[in-house]
Amino acid sequence: MMKFIKNFRKDENGAVTVDWVVLTAAVVGLAVAAYTSIETGASDLTADTNTFLGKQDPNAPAAP
């Protein structure tokens, strides 16, 4: 039993897997944060454009 515990403690294969899981979770978290930021900015820009175009009069005479 002691030999099994010593061998288990020396085995580092699981540690590499944990590293990859943590790195992948960090990348996914950053992607979600970036998507949220871009989506909010795009929505604001769309609303501003809609407001601007709504104020325009297509029948108004052109400026000289």
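To the nearest 0.5 angstrom, Leu53 atom CG is 11.0 Å from Asp48 atom CG. Atom CG in Leu45 sits 11.0 Å away from atom CG in Asn50 (nearest 0.5 Å).
In this structure a side-chain-to-backbone donor-acceptor pair under 3.5 Å is missing from Ser37 to Ala33.
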